[in-house]
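For ligands, and for the atoms within them, numbers begin at 1 and follow the listed sequence. For this chain, numbers begin at 1 and follow the sequence in order.
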Amino acid sequence: DKGGYKHFMAKEIAEQPNVITDTLDAYLTETGIALPPPGLDLRKVDRLTLVACGTAFYACMTAKYWFETLARLPVDVDVASEFRYREPPVSPESVALFVSQSGETADTLAALRYCSGKAASIGAVVNVVESSIARESDHVLPLYAGPEIGVASTKAFSCQLTVLLILALKAAHDRGHLSDEGLAEKIAQLRTLPGLMNQALTIEEPASALSRRLSEARDVLFLGRGQMFPLAHEGALKMKEISYIHAEAYASGELKHGPIALVDEHVPVIVMAPRDHLYDKTVSNMQEVMARGGKVLLISDKSGIRQAGDGLWASLTLPEIDPLLAPILYAIPAQLLAYHTAVAKGTDVDQPRNLAKSVTVE
Ligand code: M6R
């Protein structure tokens, strides 16, 4: 049941404030965090291995920034299809987490089996708790996203990010890098997320108007720095997957190492830059694009957009947010732009060509 929406994807994008509330309710207590499950102890581990495919991989890539910065825990992150055949050394003091909406992705399951018996413990971050990946893990961290029908993963992604951020905060606290007050403050910030997501959803109209212009492009570039770099990847994947427009993501700082050669007035460049400590750097990369005639769409908050000055092709304004939580909020414009571009192109949004919801063969 599409609940009055034209597509499951639109419904699932709109459901995000509610499913994030469910996820927060499941993992946050009044005073702290009800995570990790007993036995999944991140205090003594020497590494964390995060493995997944597609959108779930981008959730892992974002989580690397959180675990390393907050908990000082080194993270190896990889796509399952590469990880499984590389014979990577797995430390017996490490924890390996496998992230999957369906819990049935063949490569992710094979990577899990490779780590089983080698790592100290195996965790599954899954939406389907009766899935193979959940069954073969020592610990299951459910997502509470509810059934996701659209092939493009949307609400499962924001729930994956939320669970991984909560786990990173807990690890930071347990490992002595975050005080009780610091943790309580971050938990209070997390509680504001559903309200901010509701506000972010109000950009749907301008996003849809912009998407009609994006739908004429042949190539689109997505740029981000720090924890917005994985989000740039996620934006590009969504765009490719459902609108069939070629989209690529780069770390903003990589621009002058090659991709800036692509920039001309025909290539929209979508920059995701909340006003965080990396904002100024990203803006200077953005100005390099504009100086070469590039059409920049800046996604930021009010002060970020004001600060960017003249010369933007377009902008989308999101509410201000604790920079740590920004990737979860900025998933919404990435999803809306892909969705409306696909609608403008008339593609089969919920069932894009050549793709399956659950990839159970490698
Ligand atoms: O069920 P999983 O999370 O393991 O699926 C992984 C990918 O196949 C999936 O995220 C895919 O990239 C999506 N269609 C992206 O929107």
Side-chain angles (χ1 to χ4, degrees), residues 7-13 15-16 19 23 50-63 77-84 96-113 122-137 140-164 222 230-245 247-249 327 331-339 341-342 347-362:
H7 300 99
F8 281 108
M9 184 179 177
K11 172 172 176 265
E12 289 161 3
I13 292 172
E15 277 171 355
Q16 289 178 108
V19 298
T23 304
L50 299 175
V51 181
C53 300
T55 284
F57 169 69
Y58 296 131
C60 294
M61 204 172 149
T62 315
V77 53
D78 208 347
V79 288
S81 56
E82 286 301 310
F83 181 89
R84 64 180 288 195
L97 291 181
F98 298 85
V99 180
S100 172
Q101 188 286 127
S102 62
E104 299 297 345
T105 301
D107 281 323
T108 310
L109 183 59
L112 181 157
R113 288 179 178 154
I122 306 277
V125 180
V126 288
N127 200 30
V128 182
V129 289
E130 341 32 66
S131 58
S132 308
I133 290 175
R135 266 199 315 274
E136 296 194 26
S137 295
V140 180
L141 308 177
L143 292 175
Y144 302 100
E148 191 182 66
I149 312 292
V151 163
S153 187
T154 52
K155 60 178 181 167
F157 178 65
S158 48
C159 288
Q160 285 159 356
L161 289 175
T162 304
V163 171
L164 290 167
F222 283 79
L231 247 287
H233 273 292
E234 171 58 7
L237 175 61
K238 285 281 101 81
M239 188 63 84
K240 279 185 275 225
E241 180 177 29
I242 58 169
S243 78
Y244 313 151
I245 291 176
E248 267 195 87
I332 289 181
Q335 296 161 353
L336 288 174
L337 287 173
Y339 174 73
T341 303
T347 57
D348 188 347
V349 172
D350 283 333
Q351 188 44 259
R353 66 186 182 200
N354 311 338
L355 289 170
K357 179 66 181 161
S358 184
V359 184
T360 53
V361 290
E362 68 172 299

Practice problem: Check each protein residue for a heavy atom under 4.0 Å from ligand 1 and list those that pass, ordered by chain and number. | Solution: C53, G54, T55, A56, S100, Q101, S102, T105, V151, A152, S153, L237, K238, E241
Exercise. Could you tell me which non-hydrogen atom of P142 sits nearest to which non-hydrogen atom of V163, and how far apart they are?
Key: O-CG2, 3.9 Å
Practice problem: Among F57, Y58, F83, find the one that has a side-chain contact (heavy atoms from CB on, under 4.5 Å) with V77. | Solution: F57
Quiz item: Does the side chain of S158 come under 3.5 Å of the side chain of Q16 through a donor N or O and an acceptor N or O?
Solution: yes
Quiz item: For residues E362 and S81, is any side-chain donor paired with an opposing acceptor at under 3.5 Å?
Solution: no
Quiz item: Thinking salt bridges, do R113 and E136 make one under a 4.0 Å N-O criterion?
Solution: yes
Quiz item: Taking the side chain as C-beta and beyond, is there a heavy-atom pair between L143 and T23 under 4.5 Å?
Solution: no
